Amino acid sequence: MDRITKEKVRTFMPTRNPNSYKGSYGSVLLVGGNENMGGAIILAASAAVYSGAGLVTVATHPSNKSALHARLPEAMFVDMTDTNALKQHVEPVDIIVLGPGLGRGEISKNVLQTVYQSVSSHQTLLVDGDGIYLHVNEEVPEPSATLILTPHLGEWRTLTGLSPDDQYDNVNMDHAKKLNAIVVLKKSRTEIYCDEETWENTTGNPSMSTGGMGDALAGMIGGFVPQFDTIKEGVLSAVYLHSYIADDLSLTQYVTLPTKIIEQIPTVMKEFTKDQNRRWI
Ligand SMILES: NC(=O)C1=CN([C@@H]2O[C@H](COP(=O)(O)OP(=O)(O)OC[C@H]3O[C@@H](n4cnc5c(N)ncnc54)[C@H](OP(=O)(O)O)[C@@H]3O)[C@@H](O)[C@H]2O)[C@@H](O)CC1
Ligand SMILES: Nc1ncnc2c1ncn2[C@@H]1O[C@H](COP(=O)(O)OP(=O)(O)O)[C@@H](O)[C@H]1O
Ligand SMILES: [Mg+2]
């Protein structure tokens, strides 16, 4: 198994072009957040914005609109219960992050169907949280986008039937291939199954065991993927830096809140860039 190290992430980190504009850094649509779990999609969207995504839109339940605008004025809102609007907003983006706080009811099922039917092959679709539950339990078409699944060990059991206590790399890889997905298997040492490669994260700690931590990671991957040279490099770097920030914060904080990790994303991205000391003026 390859290890994701600081040196590798430094080589993956992109440099901003002086002549760039927001369109150079990717468009992300985050879909999720029912009436009770708006926080999950706000965390994911915040992580995407703080990761440097050029344009971020959130498709969520309308009851989350004011909270989203108050917490994250950089993001735009779409009513996820409006099927046509949702479809229209899926089509132009680079990556869709589907599932944080989505719920499992009728509205959520319809949202999942609409997204799966609307994506196309040049896009990336990341499915997390309740999206994973619905992926398994609903009759859905195989999405034509590149699929990333980000299960924790409980969600991995839902996807594969494998017990959290019964984990083998080769078996996990076979399941990732069957699912036709890049799999980010979240645990204390997160593993990534990507094509023929298996990677293990080298950062992370138990201060991260708190609700919303995976939602933040999903949004961070969503923000990174369109900016990095390859999907793999974006995924590996997001997984590493999400936990790298938590390792830093845990030196002084007993629990590292997702909101605190998100705040630090631009700082560590700068720390890891090749032109770290560059001033633009
Ligand atoms: N602020 C918000 O709005 C928040 C909203 N959230 C949203 O909630 C939705 C549901 O997500 P979820 O992960 O909470 O529940 P679910 O899919 O039922 O999985 C639980 C099952 O998996 C198991 N399990 C979990 N981890 C495991 C591990 N490492 N190793 C082994 N087992 C593990 C666990 O086992 P147990 O704890 O019972 O031992 C149980 O069986 C999702 O959309 C998410 O985005 C949350 O992010 C919180 C903040
Ligand atoms: N003890 C731990 N050590 C390292 N990382 C952890 C630990 N506990 C949780 N994490 C990380 O926190 C995140 C939890 O994700 P998830 O369970 O999906 O959270 P949520 O759904 O509440 O947002 C994963 O990235 C996981 O690797
Ligand atoms: Mg989760």
Side-chain angles (χ1 to χ4, degrees), residues 2-30 43-58 72 74-76 92-97 119 121-126 128 145-148 150 181-184 190 192-195 197 199-204 215-248 258 261-281:
D2 284 311
R3 288 159 55 82
I4 318 173
T5 60
K6 193 172 203 171
E7 293 67 37
K8 290 208 172 79
V9 175
R10 276 192 199 287
T11 64
F12 297 156
M13 188 64 64
T15 306
R16 291 214 152 194
N17 178 341
N19 297 320
S20 61
Y21 73 114
K22 63 191 171 194
S24 315
Y25 300 110
S27 50
V28 187
L29 178 69
L30 300 110
L43 285 171
S46 304
V49 166
Y50 281 68
S51 297
L55 270 179
V56 172
T57 306
V58 180
L72 191 67
E74 294 85 353
M76 291 167 282
V93 298
D94 295 311
I95 181 164
I96 300 100
V97 174
V119 290
S121 57
H122 65 276
Q123 294 177 306
T124 305
L125 172 64
L126 183 157
D128 181 51
T146 301
L147 183 63
I148 303 176
T150 55
I182 297 168
V183 172
V184 176
T190 291
I192 292 103
Y193 297 89
C194 180
D195 301 324
E197 298 176 16
W199 292 83
E200 184 188 44
N201 193 20
T202 55
T203 52
D215 304 325
L217 176 63
M220 206 170 159
I221 297 174
F224 272 38
V225 161
Q227 298 183 76
F228 282 63
D229 283 348
T230 65
I231 295 175
K232 178 186 89 176
E233 292 180 7
V235 171
L236 296 179
S237 304
V239 167
Y240 179 91
L241 291 180
H242 172 252
S243 295
Y244 176 88
I245 295 168
D247 285 350
D248 256 6
I261 290 182
I262 291 164
E263 274 172 18
Q264 289 304 312
I265 298 171
T267 308
V268 296
M269 288 181 81
K270 183 72 175 172
E271 181 190 330
F272 275 69
T273 48
K274 294 162 203 86
D275 60 348
Q276 200 191 111
N277 297 317
R278 174 162 190 183
R279 294 179 65 86
W280 298 103
I281 47 158

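Note that the numbering runs from 1 along the sequence shown for the chain. Just so it is clear, the structure is predicted and the values come from calculations on it, not from any experiment.
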Next item on the list: Output, in order, the C-alpha distance, side-chain angles, deciding distance and verdict of side chain to side chain contact (heavy atoms under 4.5 Å, CB included) for Asp229 and Phe12.
Entry: CA-CA 8 Å; Asp229 283 348; Phe12 297 156; over 6 Å; no
Next item on the list: Would you check if Trp199 and Val239 make a side-chain contact, meaning some heavy-atom pair closer than 4.5 Å?
Entry: no
Notebook entry, point to check: Is the backbone of Asp94 close enough, under 3.5 Å, to the side chain of Ser27 for a donor and an acceptor to pair up by distance?
Noted result: yes
Next item on the list: Drop me the distance from Met220's CE to Leu43's CG, to the nearest 0.5 angstrom.
Entry: 13.5 Å
Notebook entry, point to check: Should Val184 and Leu126 count as side-chain neighbours, where that means a heavy-atom distance under 4.5 Å?
Noted result: no
Next item on the list: Please examine the side chains of Glu271 and Tyr244, heavy atoms only from C-beta on, and report whether any two atoms are closer than 4.5 Å.
Entry: yes
Margin query: Nearest 0.5 angstrom please: Ser51 OG to Ile262 CD1, how far?
Written below: 8.5 Å
Check: Quick one: CD1 on Ile182 to OG1 on Thr124, what's the gap to the nearest 0.5 Å?
Finding: 7.5 Å
Next item on the list: Check whether any side-chain heavy atom of Gln123 sits under 4.5 Å from a side-chain heavy atom of Leu29, and report yes or no.
Entry: no
Next item on the list: Mind checking the OG1-CD1 spacing from Thr267 to Ile245? Nearest 0.5 Å is all I need.
Entry: 8.0 Å
Check: Going through the distances and angles, do Ser243 and Thr190 end up as a side chain to side chain contact (heavy atoms under 4.5 Å, CB included)?
Finding: CA-CA 10 Å; Ser243 295; Thr190 291; 5.9 Å; no
Check: How about Tyr50: does its OH atom have over 12 heavy atoms from other parts shown lying under 6.0 Å from it?
Finding: no
Checklist line | Value rounded to 0.5 Å, distance of CG in Leu236 from CG in Asp2 | finding: 9.0 Å
Notebook entry, point to check: Of the non-hydrogen atoms in Ala216 and Pro258, which two are nearest, and what is the gap between them?
Noted result: CB-CB, 4.2 Å
Note to self: Does atom NZ (Lys22) have a neighbourhood of more than 12 heavy atoms from anything else shown, all under 6.0 Å?
What the structure shows: no
Next item on the list: Please report the shortest heavy-atom distance between Pro14 and Thr273, naming the atom on each side.
Entry: O-CG2, 3.7 Å
Checklist line | Residue pair Thr5 / Tyr240: nearest heavy atoms and the distance that separates them | finding: C-CE1, 3.8 Å
Note to self: Working to the nearest 0.5 angstrom, can you tell me the gap between Ile95 CD1 and Ile221 CD1?
What the structure shows: 8.0 Å
Check: Could you go step by step and tell me if Asp128 and Thr150 meet the side chain to side chain donor-acceptor pair (under 3.5 Å) rule?
Finding: CA-CA 5 Å; Asp128 181 51; Thr150 55; 2.8 Å; yes
Check: Should Met76 and Leu55 count as side-chain neighbours, where that means a heavy-atom distance under 4.5 Å?
Finding: yes
Next item on the list: State whether the number of non-hydrogen atoms from other residues, nucleotides or ligands found under 6.0 Å of Arg10 atom CZ is greater than 12.
Entry: yes
